[in-house]
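To keep things clear, I will list the structure first and then write my remarks on it.
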Protein chains: 2
Amino acid sequence: MPDENVTGLRPVHQRCSDCPIRHRAVCSYCAPAQLAELDAIKFYVDYAPGREIVGTGEPTKSLGSVVSGVVALQKILSDGRRQIVGLLFPGDFIGRPFEQRAPYDAVAVTPVKMCLFRRSQFEDLLTREPELEHRLLEMTLNELDAARDWMVLLGRKTAREKVASFLVVLARRAAVLEQARLADGLAFQIPLSRDAIAEHLGLTIETVSRQLTQLRKDALIHLDGARDVRLRDYRGLLEASGDDGDWDDTLVDSA
Amino acid sequence: MPDENVTGLRPVHQRCSDCPIRHRAVCSYCAPAQLAELDAIKFYVDYAPGREIVGTGEPTKSLGSVVSGVVALQKILSDGRRQIVGLLFPGDFIGRPFEQRAPYDAVAVTPVKMCLFRRSQFEDLLTREPELEHRLLEMTLNELDAARDWMVLLGRKTAREKVASFLVVLARRAAVLEQARLADGLAFQIPLSRDAIAEHLGLTIETVSRQLTQLRKDALIHLDGARDVRLRDYRGLLEASGDDGDWDDTLVDSA
DNA sequence: GTCCGTCCTTGATCTGAATCATGGGATGCG
DNA sequence: CGCATCCCATGATTCAGATCAAGGACGGAC
């Protein structure tokens, strides 16, 4: 119930150009044509780390996108086992249009700012603006592809490959965000605790810790503290991740 | 490259009412409004079991839906490990609009008949017909939810829970298709080999076999041959599947 | 500063599922 | 028919990762 959790509500007529998501390539529903209308109905909400944004089965009143921070989508089995089924970064869409109830929990893993719309209003706009809906479809198709990639990781990869794959994903994000080369020397932060990593990879916290140590000892990465990583042998890391063959990877420094 | 594999191409002007998918609730893009246009551009293709419909990275020329049979979507790692990331049943959509290349293989696991459209033609129609696109969005959102449910299975469930979950999914499908009660006594077939089941559940063939035997010994199911299953204790099977709490399950015989 | 709590690492042990190995029952074919 | 092949079940053994256990590093409260 995001509406109840408002801690940083802003005036409604704020310009969308103030909204950080607008500056990202993935922000595909804040397009010029619909900007004014979206602008008029959006609002902002802040969440503290660990805070639940929506719970499974709750009525979803709002949907929108992450402005800053990282959100985890998770499912919890009745005995407490947890699986993080997706991570959302700034610009990513959150919420389930055309459904009354959320199919999974959304939890803030860092301080999070959301840019939200009331579901009914957003759905109205969707039906009136085919182009908006088209972009949402493309985003959803991309998410589906990503989810299926992750299924391969969960079902078939070893612990080492899982951790290496996770680091590769983070490194790719960092390279795009910082307009940097995806190559040795690139530094980035792990935005999750060991616990959250484990629950994203289908492992335990101890195994994650051990594998990270091992990747460091194998000279594939530098580790400074628990969250600061620097690539030491990206090519090696990619091999350790189990899916080499992704050599359509234009970002890689081929030197 | 489906176009090359044509074994059952039919005349273009066949009425859509001949198309079996039209009679299914899930066939959401053969709606009356667009029926004539879709009718004019569709064609049929048959595939033998084991036949590849599209390969990962191949240019996707066609997309459409499954008319009969079962299709597996799979990814293969470079060393041969395989993960089936989705099963498609009659009425399910297949193909990746707005992308040049297929993100995963599609393989026929039974004899399959497809109802296909050339990608460019279908995409044209999508942009002209917002309602068509809307329905595709809803289907994609549902697939995404299903994929994330499966991630919980792959990441956090035991072998027994995985196999039980798989049977529950099949039982649900059978109940819907046959308009039957989802209750003890319901009989259905497993459309996959032990091998394919294993690769869908992230297990080995031996473990699948053992768990099925165990579920039989525990009096949760009857097993007649390798593929014929009859529910003996659905409630128990659901508990064994790890996600009870799904008691919004209106299909369940509450007696 | 001390105390406490949270997060992370590392070692020792255990176990669920993989792997290795064998045989049985279909089905197809020369 | 005999033989080969494929698919499945099941027993024996191994091993990757979970579990159990201990301790270190950091940060906040007081």
Side-chain angles (χ1 to χ4, degrees), chain A residues 48-51 70 72 77 79-83 109-111 153-167 189-218 221-229 240 242, chain B residues 48-50 72 77 79-83 109-111 153-167 189-218 221-229 240 242:
Chain A
R51 175 138 210 163
V70 180
L77 296 176
D79 60 357
R81 281 173 290 173
R82 190 162 74 114
Q83 176 69 45
V109 296
T110 66
L153 177 145
L154 290 173
R156 286 293 177 227
K157 287 190 179 178
T158 65
R160 180 184 172 90
E161 288 171 333
K162 286 179 175 182
V163 173
S165 298
F166 178 64
L167 292 176
Q189 286 222 335
I190 303 175
L192 306 183
S193 66
R194 294 287 181 274
D195 193 55
I197 299 171
E199 275 157 346
H200 192 26
L201 298 178
L203 297 172
T204 60
I205 175 175
E206 293 95 331
T207 300
V208 170
S209 186
R210 277 187 251 271
Q211 294 302 330
L212 280 170
T213 303
Q214 195 55 50
L215 292 174
R216 178 176 56 70
K217 285 186 181 163
D218 293 347
I221 55 168
H222 290 278
L223 262 178
D224 180 20
R227 295 192 174 220
D228 289 296
V229 181
Chain B
L77 296 176
D79 61 358
R81 280 173 290 173
R82 190 162 73 115
Q83 175 68 45
V109 296
T110 66
L153 178 146
L154 291 174
R156 286 291 177 229
K157 287 190 180 177
T158 65
R160 179 183 172 91
E161 288 170 334
K162 286 178 175 183
V163 173
S165 299
F166 178 64
L167 292 177
Q189 285 222 335
I190 303 175
L192 306 183
S193 65
R194 294 287 182 274
D195 193 56
I197 299 171
E199 276 156 345
H200 193 27
L201 299 177
L203 296 172
T204 60
I205 176 174
E206 293 96 331
T207 299
V208 170
S209 185
R210 276 187 252 272
Q211 295 301 330
L212 280 170
T213 302
Q214 195 56 50
L215 292 174
R216 178 176 55 72
K217 286 184 180 163
D218 293 346
I221 55 169
H222 289 277
L223 262 177
D224 179 21
R227 297 193 173 219
D228 289 296
V229 181

Whether A:S209 side chain and A:I205 backbone form a donor-acceptor pair below 3.5 Å: no
Atom CG of A:L223 and atom C1' of D:dA25 are separated, to the nearest Å, by 15 Å
- prompt: Is A:R194 reaching over with its side chain to a backbone N or O of A:E206, donor-acceptor style, under 3.5 angstrom?
  reply: no
B:R227 CZ to C:dA26 P, in whole Å, measures 15 Å
Atom CG of B:L203 and atom C1' of D:dA16 are separated, to the nearest Å, by 15 Å
Taken to the nearest whole Å, CG/B:L215 to P/D:dA9 is 12 Å
Under 4.0 Å, heavy atoms only, any strand: does B:T204 hit a base, just the sugar-phosphate, or nothing?
base
>> Donor-acceptor pair, distance only, cut-off 3.5 Å: does the side chain of B:R156 make one with the backbone of A:R81?
In response: no
Tell me what A:G202 touches on the nucleic acid: a base, only sugar-phosphate, or nothing, going by heavy atoms under 4.0 Å. sugar-phosphate
*Ion pair B:R82/B:D195, N-O distance below 4.0 Å*: yes
In whole angstroms, the gap separating P of C:dA18 from NZ of A:K157 amounts to 18 Å
Inset, instruction - Can you check whether any acceptor in the base of C:dG16 is under 3.5 Å from a donor in the side chain of B:R210, or vice versa? - result: no
Rounded to whole Å, CZ of B:R160 lies from P of C:dA17 at a distance of 11 Å
Separation of C:dA26 atom C1' from B:D224 atom CG, nearest Å, is 14 Å
With the side chain defined as heavy atoms from C-beta on, A:R216 is closest, among C:dT10, C:dA17, D:dT10, to C:dT10
B:I205 atom CD1 is separated from C:dC20 atom P, nearest whole Å, by 15 Å
According to a strict under-4.0 Å criterion, is A:S209 in side-chain N/O contact with OP1 or OP2 of C:dC8?
no
Practice prompt. Look only at the side chain of B:Q83 and the backbone of B:H200, and say whether a donor-acceptor pair between them is shorter than 3.5 Å.
Written response: yes
Between C:dC20 and B:E206, counting only base atoms on the nucleotide and side-chain atoms on the residue, is there a donor-acceptor pair under 3.5 Å? yes
query = Quick one: is D:dA16 close enough that its OP1 or OP2 comes under 4.0 Å of any side-chain N or O from A:T207?
reply = no
task: Under 4.0 Å between any heavy atoms, over every strand shown, what does B:L212 touch: base, sugar-phosphate, or nothing? Just pick one.
output: nothing
- Any side-chain N or O of B:R194 less than 4.0 Å from the OP1 or OP2 oxygen of D:dA9? yes
Contact under 4.0 Å: B:T213 side-chain N or O vs D:dT10 OP1/OP2:
yes
